[in-house]
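One structure, as structure tokens, below. Some questions next.
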Amino acid sequence: MGFKKHLSSLKSYEAGKPIELVIRDYGIREKDIIKLASNENPLGVSKKVIKTIKKEAKNSYRYPDDSMFELKKSLAKKYNIDSKNIIIGQGSDQIIELLIKATANKGDKILTSALTFAMYGIYASHNQVEIIKTKDGVHNADQFIEEYKKSKPNLVFLCLPNNPLGDCLDRDEVFRILDTISSDTIVALDCAYGEFAAYRNKNKEIKPKEIINKYKNCIYLGTFSKLYGLGGLRVGYGIADSKFIDLLSRIRPPFNITNISLKAAVTSLEDSDFIKDTLKNNFKEMEAYKDFAKNKNINFIESYTNFITFILPKNVDSSGLCEYLLKHGVIIRDLKSYKINAVRITIGTKKQNKIVLRLIDKYLKR
Ligand SMILES: *Cc1c(COP(=O)(O)O)cnc(C)c1O
């Protein structure tokens with residue numbers, strides 16, 4: 001057949017297990033399932049957003065505004081930039097896909113850390129682009145600089161903070177990397193959890209305006225899937241110099257964002273109480289996980305995100321733990337596919353976290 005030869009060797013993304021699967025395979029009722037596997041907002045969807053979605057439903061027969069005027073205007077205001085600096089994607093995933101497609105040819109190279117968001121590698125493989133990795137899983141500025149000089153990649157992804165480990169470079173370190181990279185190499189700052197990092201530590205805050213004023217080869221990526229609780233509506237964005245955005249936009253599929261998603265995203269930006277509650281709950285509740293880990297001699301990496309990654313001792317198998325939790329209706333993320341004996345747990349509500357930690361404790365005591 002006429003398919004490209006490399007397709008049969010491609011791996012697809014291993015998503016957090018969906019709730020439907022746990023209902024089916026484990027016979028657990030939907031209301032008893034706790035899903036903390038995909039870094040979704042544990043507070044759900046804000047009430048204001050639900051109202052907007054209901055109101056917008058009647059317009060579903062219309063094609064969306066492909067200029068995305070309103071959402072771009074809201075984002076431009078939030079970041080004190082111009083609408084021309086913004087591209088909207090079906091999740092920031094789509095921006096990652098477009099970026100690789102737009103910048104890298106077969107045989108080109110992309111630089112990432114050793115343990116980072118799987119989608120970079122997946123979209124690279126679609127385009128037969130090679131991934132070069134720094135030595136460490138956590139981001140290390142010296143390693144990025146050294147590896148950049150050695151392998152001259154076309155594209156660099158910095159995940160700030162880094163999924164699935166939770167680590168985050170300081171802004172100064174990010175600038176140090178950007179200062180050494182030549183203007184013909186594209187750099188993506190994936191800030192899917194950027195709001196969480198900035199809330200916890202001001203030194204981690206990356207301001208898109210600062211980036212685009214200084215680095216014309218750099219794009220800031222944001223998403224509505226994490227803090228704003230809209231993972232199912234698939235909205236993300238890229239912010240860069242207007243020439244950069246103009247070129248990238250030429251391969252954006254038309255009407256890639258639905259009417260409902262566009263409106264919901266605008267409303268979510270305005271719901272400051274929901275945002276505040278989410279951030280507060282997250283870092284308050286993260287303490288319970290940290291205390292637990294310290295008590296049980298489990299290693300963890302300081303997290304600037306809405307999840308925590310437990311590095312398990314040798315005698316505790318990550319897959320065994322995940323399987324045990326699944327049987328009790330709790331879904332967390334096994335990191336075995338990243339070749340580490342670790343689990344990533346999204347910080348849930350107080351009630352959820354209590355149940356999860358009690359179950360993990362039981363498992364450890366078996
Ligand atoms: C969740 C996530 C994204 C984007 O998710 P979308 O739902 O596609 O917007 C991007 N990067 C990282 C590191 C993520 O964890």
Side-chain angles (χ1 to χ4, degrees), residues 12-16 18 35-42 45 49 68 71 75 86-101 110-124 126 131 133 137-139 155-169 174 187-198 204 206 208 219-239 248 252-253 256-258 260-262 264-265 268-269 278 282 301 303-309 332-333 335 337-338 344-347:
S12 48
Y13 180 70
E14 189 202 333
K35 186 184 177 208
L36 299 176
S38 300
N39 305 336
E40 293 149 344
N41 191 319
V45 185
V49 170
M68 310 191 202
L71 178 55
L75 284 168
I86 303 171
I87 180 171
I88 312 285
Q90 209 172 77
S92 53
D93 261 22
Q94 189 176 40
I95 316 270
I96 295 168
E97 180 180 21
L98 296 180
L99 196 58
I100 294 177
K101 199 170 155 191
I110 295 177
L111 175 60
T112 71
S113 86
L115 257 171
T116 191
F117 192 42
M119 293 315 300
Y120 313 143
I122 288 171
Y123 289 127
H126 292 182
I131 294 274
K133 294 172 177 174
V138 295
H139 281 47
L155 189 55
V156 179
F157 278 98
L158 299 178
C159 196
L160 308 163
N162 186 21
N163 178 10
L165 294 181
D167 61 295
C168 190
L169 285 177
V174 175
V187 185
L189 309 182
D190 185 345
C191 300
Y193 306 94
E195 300 94 342
F196 291 96
K204 312 283 183 190
I206 307 276
I219 184 166
Y220 174 101
L221 305 180
T223 179
F224 287 90
S225 299
K226 309 287 159 56
L227 175 64
Y228 298 97
L230 300 181
L233 292 187
R234 315 301 306 121
V235 196
Y237 52 91
I239 299 175
L248 197 56
R252 176 182 64 80
N256 57 330
I257 316 293
T258 68
I260 288 177
S261 298
L262 287 169
S268 74
L269 286 175
T278 300
N282 185 67
I301 296 162
S303 170
Y304 295 87
T305 64
N306 64 349
F307 59 82
I308 189 159
T309 294
I332 61 168
R333 186 64 191 268
L335 295 183
S337 64
Y338 288 85
R344 189 193 69 193
I345 309 169
T346 307
I347 309 298

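All residue numbers in this chain count up from 1 along the given sequence. Read the numbers this way: they start at 1 and go in the same order the structure lists the ligands and their atoms.
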Exercise for the section: Any chance you could lay out the side-chain hydrogen bond (donor to acceptor under 3.5 Å, both in side chains) test for Asp167 and Asn162, step after step, and finish with the verdict? Expected result: CA-CA 5 Å; Asp167 61 295; Asn162 186 21; 3.1 Å; yes
Problem - Ring centre gap for Tyr193 and Phe307 strictly below 6.0 Å - result: yes
Handout entry: Near-ring test Tyr120/Phe157, centroid separation under 6.0 angstrom
Key = yes
Problem - Donor on one side chain, acceptor on other, Asn163 and Arg344, under 3.5 Å - result: yes
Exercise for the section: Provide the number and element of each atom of ligand 1 under 4.0 Å from a heavy atom of Ser225. Expected result: 6 (P), 7 (O), 9 (O)
Practice task
Tell me, please: is Ala192 in heavy-atom contact with ligand 1, that is, under 4.0 Å?
Solution key: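 So Ala192 counts as touching ligand 1.
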Handout entry: Proximity flag Phe224 to ligand 1, non-hydrogen atoms under 4.0 Å
Key = no
Handout entry: Gly91: numbered ligand 1 atoms lying under 4.0 Å from its heavy atoms
Key =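 Taking each heavy atom of Gly91 in turn, ligand 1 has 6 (P), 8 (O), 9 (O) under 4.0 Å.
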Practice task
Would you indicate whether the side-chain heavy atoms of Cys159 and His139 approach each other to under 4.5 Å?
Solution key: yes
Exercise for the section: Using a strict cut-off of 4.0 Å, indicate which atoms of ligand 1 neighbour a heavy atom of Arg234. Expected result: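 Going through ligand 1 atom by atom, the ones under 4.0 Å from Arg234 are 6 (P), 7 (O), 8 (O).
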Problem - Closest protein heavy atom to atom 1 (C) of ligand 1, given as residue, atom name and distance to 0.1 Å - result: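 Result for atom 1 (C) of ligand 1: Lys226 NZ, 1.3 Å.
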Handout entry: Shortest heavy-atom approach to atom 5 (O) of ligand 1 - which of Ser38, Ala188, Ser92
Key = Ser92
Problem - Polar proximity ligand 1 side, Gln90 side, N/O cut 3.5 Å exclusive - result: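 No: no nitrogen or oxygen of Gln90 is under 3.5 Å from one in ligand 1.
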Fill in the blank from the handout: Numbered in order shown, the ligand 1 atoms found under 4.0 Å of a heavy atom of Asn163 are 13 (C), 14 (C), 15 (O)
Practice task
Provide, to 0.1 Å, the distance between atom 11 (N) of ligand 1 and the closest protein heavy atom, together with that atom's residue and name.
Solution key: Asp190 OD2, 2.6 Å
Handout entry: Leu221 and its side-chain contact (heavy atoms from CB on, under 4.5 Å) partner, picked from Leu189, Asp93, Ile96, Ile87
Key =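 Considering Leu189, Asp93, Ile96, Ile87, a side-chain contact (heavy atoms from CB on, under 4.5 Å) with Leu221 is found only for Ile96.
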Problem - N or O pair under 3.5 Å between Tyr120 and ligand 1 - result: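 No; every N/O pair is 3.5 Å or more apart.
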Exercise for the section: Given side chain to side chain contact (heavy atoms under 4.5 Å, CB included), test Lys226 with Phe196 step by step and report yes or no. Expected result: CA-CA 9 Å; Lys226 309 287 159 56; Phe196 291 96; 4.3 Å; yes
Problem - Between Tyr220 and Asp190: side-chain donor-acceptor atoms closer than 3.5 Å - result: no
Practice task
Would you mind running through ligand 1 and noting each atom that sits below 4.0 Å from a heavy atom of Cys159?
Solution key: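 Numbered from 1, ligand 1 contributes 13 (C).
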